[in-house]
Protein chains: 2
Amino acid sequence: MKKSWLIYGSLMGFLMIVLEVTHYKAFVKDIQIELFGAVVGILFMLIGVWLGMTWYKKKNNIERYDPSKLGLSQREVEVLELLSQGYSNQEIADKLFVSLNTIKTHISKIYQKLNAKRRTQAIQKARELALIAPSSE
Amino acid sequence: MKKSWLIYGSLMGFLMIVLEVTHYKAFVKDIQIELFGAVVGILFMLIGVWLGMTWYKKKNNIERYDPSKLGLSQREVEVLELLSQGYSNQEIADKLFVSLNTIKTHISKIYQKLNAKRRTQAIQKARELALIAPSSE
DNA sequence: TGCTAAATCACCCGAAAGGATGAAGGAAAA
DNA sequence: TTTTCCTTCATCCTTTCGGGTGATTTAGCA
C-alpha cells in the first residue's frame, strides 16, 4: 500500500519536472499546445495504465487468510464451505445434523465476520480470501 | 473485445472535443498552460487506470465455456456475472438500468438453463463451467 | 412477411433467507 | 473459578428469492 504511493509520488514529482521543462520549451520554442496536450496525455495515459494494472494485480493477490484471523470458527468455515457449494440452509442443517436455526445463527455470524450482506456476497468474499476451495464442485 | 474498443473510441472522441474547447478557452481566456496540462493529465490518467484494469482483467481471464451452448443469451451471462459477484436482484437491476422484474425473469431462465434451484447453485455451476471469471472482483 | 427469440415489465404467492434478540450447555482460557 | 467463546436452539418479524403466468416490443430469420 505505502510502497505504491511512494512510487506514485515519485512519478508525480518527476512528471512535474518534466512538465516544467516541456512547458518552458513549449513557450520558448513556440511548440503548439496540441502537441503539448498530446504528450501530457500520452504520458499520463501510460502511467495510468501501469497504475491500473498494478492496483488490479494487488487487489487480486490478497494473501490467503487464516480463517481464525477473521475470527471464523471451524464450524463456521464448515458451514461456509457448504454454503458456497450451493446448498440451502435446510440442506446444510441436514448434512450437519443440526437444526435450521443453528445454521441460520452460524451464517449470521459468518456475515458479520466477512462483512457480507448476502450469502452470495459471503461466497464472493470467501473466495477472494481463499477461505474455500478455488473451484470446489 | 469490440465493446471495450467502442467505449475507448467514444471516450477518445469525447475527449477530443473537450480538448478542443479547453484549448480555445486556454487561448482566449489566457488560462495557464499548467492548468491545461493538469486537466489533460488527470483525464488521461483516469482513462489509463481504467484501461489498465480492464486489460489486466481480460488478460487474466481463462477461456470460458461458450455460453451459447447452454442457450444462455448475452444478457443472461451479464446478469449471471453480477449475480456471482454477490449483488442482490435489486442491485443488478440498478446496475443494468432495468426493473427488478426483468432481472427476476432473466435469473429464472438462467436457473432453467443451468439446471439450478438457487442462486448459489447457479454460481457453483457457472464456475464449474467457467462461464464466469475465476475470482471476479 | 409471418415466425421466433430476446429483452423488457407486471402481478401474485409461497418459500427461503436474513435481522434482532435471548438463552443454555460445555469447553477453554484467564 | 469466573470469564469468554463456541455451539446449539428458539421466536418474531421483514426482506429477498423464486415460480408461475402473461404481455409487449424489437430484431433477426425463414
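Computed from heavy atoms alone, side chains included, the values below leave out hydrogens, waters and symmetry copies. Numbered from 1 within each chain, the chains take letters A, B, ... in sequence-line order.
Atom OH of Y111(A) is separated from atom C1' of dA20(C) by 15 Å (rounded to the nearest Å). Whole-Å rounding puts the I110(A) CD1 to dA17(C) P distance at 13 Å. Distance I123(B) CD1 to dG18(D) P: 10 Å, rounded to the nearest Å. Atoms NZ (K117(A)) and C1' (dT15(D)) sit 14 Å apart, rounded to a whole Å. To the nearest angstrom, P of dA17(C) lies 17 Å from CD of Q121(A). For K109(B) and dG20(D), the NZ to P distance is 14 Å, given to the nearest whole Å.
Between S73(A) and dT7(D) there is a side-chain polar atom (N or O) within less than 4.0 angstrom of OP1 or OP2. Regarding contacts with the backbone of dT16(D), every side-chain N or O of N89(B) stays at 4.0 angstrom or more from both OP1 and OP2.
Between dA7(C), dA10(C), dT7(D), one nucleotide has an atom nearer to the side chain of H106(B) than all others, and that is dA7(C). Listed nucleotides: dA17(C), dG18(D), dA7(C). Nearest to the side chain of R119(B): dG18(D). For K113(A), whose side chain is taken as the heavy atoms from C-beta onward, the closest listed nucleotide among dC6(D), dT7(D), dC9(D) is dC6(D).
The pair E78(A)-R75(A) meets the salt-bridge criterion, with a side-chain N (NZ, NE, NH1 or NH2) lying under 4.0 Å from an Asp/Glu carboxylate O.
With T102(B) contributing its side chain and V98(B) its backbone, the two residues share no donor-acceptor pair below 3.5 Å.
A cation-pi arrangement is present between K95(B) and Y87(B), with the terminal nitrogen or guanidinium carbon under 6.0 Å from the aromatic centre and inside a 45° cone about the axis.
Two residues, E76(B) and K104(B), neighbour DNA chain C, and the one matched to the more 5' nucleotide by heavy-atom proximity is E76(B).
Contacts with DNA chain D (heavy atom under 4.0 Å) in residues 94-103 of chain B: none are found.
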